[in-house]
There are 2 protein chains.
Amino acid sequence: MPPARPRLSDVAALAGVSQKTVSNVINDYPHVTERTRLKVEAALRELNYRVNIPARSLASGRTGFIALAVPSLDNPYFSELAVHVMAAAAAYRWTVLIEQTGGSPDAETLVVDGAMPYLVDGIVLHLRSLTPADLRNRSDSTPLVLIGEKTPHHIADYVAGDSVQAAYDLTTHLLRTGRTRVAVIGIERDTRFATSTLRFEGYRRALADAGIDVRDDYVVPVERFQRENGAIAMGSLLALPEPPDAVLCFNDLLALGALSHLNTVGVAVPRDVALAGFDDIDESAYSSPPLTTIAWDTKAIAERAVALLAERLSGDSDSPPREISVDYTVVQRQSTTLS
Amino acid sequence: MPPARPRLSDVAALAGVSQKTVSNVINDYPHVTERTRLKVEAALRELNYRVNIPARSLASGRTGFIALAVPSLDNPYFSELAVHVMAAAAAYRWTVLIEQTGGSPDAETLVVDGAMPYLVDGIVLHLRSLTPADLRNRSDSTPLVLIGEKTPHHIADYVAGDSVQAAYDLTTHLLRTGRTRVAVIGIERDTRFATSTLRFEGYRRALADAGIDVRDDYVVPVERFQRENGAIAMGSLLALPEPPDAVLCFNDLLALGALSHLNTVGVAVPRDVALAGFDDIDESAYSSPPLTTIAWDTKAIAERAVALLAERLSGDSDSPPREISVDYTVVQRQSTTLS
DNA sequence: GCGCGCATTTCCTGCGCTGTAGATCGAGCG
DNA sequence: CGCTCGATCTACAGCGCAGGAAATGCGCGC
């Protein structure tokens with residue numbers, strides 16, 4: 001039977017001070033004399049004391065946790081994002097709880113309503129399906145920062161890149177390489193899903209500016225944004241009487257699935273078909289050929305989101321929602337250009 | 001100002017019962033009459049009550065959290081594993097806290113000693129650098145389940161596949177396809193790192209059984225198990241006077257990096273060089289060509305590990321450490337065979 | 001109609017910590 | 001040398017919940 005976990009009072013007794021003084025030492029309260037602090041620290045070491053976090057949380061009202069809710073952690077974009085968020089949160093001594101929503105409205109509602117089976121000081125949510133209207137009447141007041149897509153209405157703080165502009169730039173890049181038959185993979189039927197709606201809008205505008213009409217048979221819907229769906233969608237595009245000579249995929253996984261299919265059936269990329277994606281996951285630099293894609297500044301997204309939470313938690317709960325725009329770059333690789 | 005979070009006593013007052021009865025309803029205590037339960041549930045809904053988890057933890061001594069400590073979450077193998085662990089934990093109503101160790105002995109020691117900044121009911125640790133000796137005197141009694149590599153000594157429960165046998169099988173597969181100059185990428189200089197040690201042992205045995213000597217110039221060390229390191233290592237192998245005709249990489253990321261390099265410089269896979277990896281991450285089925293690899297039963301690893309924790313938590317803290325072996329399959333894809 | 005025994009509910013304590021208020025100490029000053 | 005004031009420390013309450021003992025209610029048998 002190992003000795004029970006020591007409590008503050010055990011340390012206090014050993015150090016010959018009050019329990020609160022030990023607490024003060026642990027929490028870096030400034031008005032503690034050097035002498036007292038050394039005494040207490042010796043006792044802490046001797047007993048191998050560790051704070052009981054639930055007790056601290058109960059007494060202080062702060063948990064030290066923030067939630068990061070993303071559609072799915074096995075999508076590399078989100079696991080890479082999670083790593084950045086954890087790093088940013090560490091600067092505030094926060095522990096990150098990762099929650100998967102599957103992108104479903106129900107799960108996202110649970111998150112914004114604080115119905116997760118734990119208590120957190122703040123929430124970073126990568127929104128997928130909830131609309132601003134859905135957020136207006138949330139039944140919880142935990143500070144919330146949204147990431148994902150730039151949305152027109154302003155209900156909560158958010159940090160996002162401009163998908164419309166990014167899609168516009170990427171489509172324009174494809175057109176500039178001489179492509180004329182540009183297809184898209186990644187339409188979702190539910191228009192609440194902002195990602196595909198916004199990226200399609202950028203695609204549409206770029207075609208319009210080039211005087212090209214959107215062809216229905218070049219607009220391929222998918223169930224999920226996974227490699228498998230990209231491969232299947234690519235297969236259907238290749239089966240068209242007049243296949244596209246470029247394909248804009250709404251994320252890298254779709255593009256990598258499409259690429260795999262092209263390589264399998266022997267269609268040369270980029271000679272026969274150019275291919276581009278979004279998100280610049282690590283994998284995209286190592287595909288064959290490497291993938292042209294939109295690289296969001298994911299580190300900045302994570303840091304700004306966490307910083308926004310920190311501001312709200314330090315008392316600023318009234319000021320209007322802030323919106324922070326983050327940069328992106330069009331990373332040109334060999335899936336669109338051979339230069 | 002939103003109404004303060006309701007407490008049990010608020011619900012109790014509204015329902016006209018005692019606070020403990022409300023607690024009983026929430027916790028599915030069996031001896032509650034239907035009538036009382038309905039009354040309480042109505043009050044719970046009306047007030048939108050949510051349990052205060054820190055308070056529950058303090059009172060009950062259980063936190064409802066388990067920690068999953070892995071080297072790095074941006075390695076797809078670990079993020080895919082995390083998804084399985086979260087699913088398995090959900091069956092026990094546990095929330096998973098993901099911790100990154102970077103594989104360093106210091107960070108792993110902090111994990112096993114319970115020095116993380118939160119309290120958990122149990123720990124699942126994917127061990128990378130700590131040896132059994134390091135684990136023997138841990139200063140914490142939180143139930144611990146190790147995953148990763150089958151180790152010879154028995155300090156804690158663990159769930160793992162047999163890397164020696166897997167490497168043996170995979171090397172044998174390469175030899176059977178007619179390869180004779182089989183190199184390995186992924187040696188780590190520190191022999192405490194079991195993964196490379198064990199996989200190298202399997203490789204060595206397979207060569208020995210085929211009557212082939214290990215060539216020093218075919219054994220390539222790496223700093224990290226990332227794509228980048230695989231690409232660099234492949235470059236050095238190609239620069240040899242007599243390059244290998246097959247390469248066994250100690251994980252898929254190394255193999256995918258190596259593959260990228262081969263595709264870039266125009267070496268045909270598998271014609272000129274066959275390539276195999278470990279872990280069967282999602283990506284490996286979509287590379288060009290798709291990668292032959294070892295597929296561990298990751299879902300089983302997650303489920304068994306969580307189940308072991310559950311047993312320990314339900315009172316069995318004395319019985320000797322249990323070791324559970326999980327299956328793997330050699331997934332043959334086009335990076336080693338054209339059939 | 002009364003009592004017994006079990007099912008159901010209540011009462012009350014304490015989990016370990018932090019916030020607040022107030023006690024104590026010590027230095028500087030008149 | 002006594003007093004004031006700020007720096008430092010202590011005492012104590014209470015955060016919201018679950019456990020256990022005790023109280024109550026209810027059905028059933030005689």
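Sequence lines set the chain letters: A, B, ... in the order given, protein chains first and strands last, and positions in each chain run from 1.
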| Distance-only side-chain donor-acceptor flag, D106(A) / S104(A), under 3.5 Å | no
| note | Taking for S23(A) and for K20(B) the nucleotide of DNA chain C with the nearest heavy atom, the one nearer the 5' end belongs to K20(B)
| task | Write down the distance between NZ (K39(B)) and C1' (dT8(C)), rounded to a whole number of angstrom. | result | 12 Å
| For H31(B) and dG25(D), what is the distance between atoms NE2 and P respectively, to the nearest whole Å? | 19 Å
| query | Between F65(B) and F65(A), does the ring centroid distance fall short of 6.0 Å? | reply | yes
| Between N52(B) (CG) and dA18(D) (C1'), how many Å, whole number? | 13 Å
| Counting side-chain heavy atoms from C-beta on, which of dC17(D), dG19(D), dC9(D) comes nearest to T21(A)? | dC9(D)
| field | Below 4.0 Å: OP1/OP2 of dT8(C) and any side-chain N or O of N24(B) | value | no
| query | How close or far is atom P of dG14(D) from atom CG of L8(A), stated in whole angstroms? | reply | 19 Å
| field | Between dG16(D) (C1') and Y118(A) (OH): distance, integer Å | value | 20 Å
| remark: To the nearest angstrom, the CZ-C1' distance between R56(B) and dA18(D) comes to 9 Å
| message | My understanding is that only residues two or more places apart in sequence, or in another chain, count here; which of them pass side chain to side chain donor-acceptor pair (under 3.5 Å) with W296(B)? | response | D279(B)
| Starting at the 5' end of DNA chain C and moving along, which residue's nearest nucleotide shows up first, R37(B) or N27(A)? | R37(B)
| request: Mind calculating the distance between CD1 (I26(B)) and P (dG16(D)) to the nearest angstrom? | output: 14 Å
| said: Looking at R192(A), is its backbone amide N or carbonyl O close enough to the side chain of D190(A) to form a donor-acceptor pair, meaning the two atoms are under 3.5 Å apart? | reply: yes
| request: Using modelled atom types only, decide if a donor and an acceptor are shared between the side chain of E149(B) and the backbone of A194(B) within a distance under 3.5 Å. | output: no
| Looking across every strand, which nucleic acid part, if any, lies under 4.0 Å from L58(B) by heavy atom: base, sugar-phosphate, or nothing? | base
| note | Closest to the 5' end of DNA chain D, once P30(A) and Q19(A) are matched to their nearest nucleotides, is P30(A)
| query | Which is true for Y29(A) with a 4.0 Å heavy-atom rule: it touches a base, it touches only sugar-phosphate, or it touches nothing? | reply | nothing
| request: Would you indicate what T33(B) reaches in the nucleic acid, counting non-hydrogen atoms under 4.0 angstrom: base, sugar-phosphate, or nothing? | output: sugar-phosphate
| What is the nucleic acid contact for T36(A), judged by heavy atoms within less than 4.0 Å: base, sugar-phosphate only, or nothing? | sugar-phosphate
| said: Any side-chain N or O of S18(B) below 4.0 angstrom from OP1/OP2 of dT10(C)? | reply: yes
| query | Taking CZ from R5(B) and C1' from dC17(D), how many angstroms apart are they, rounded to a whole number? | reply | 13 Å
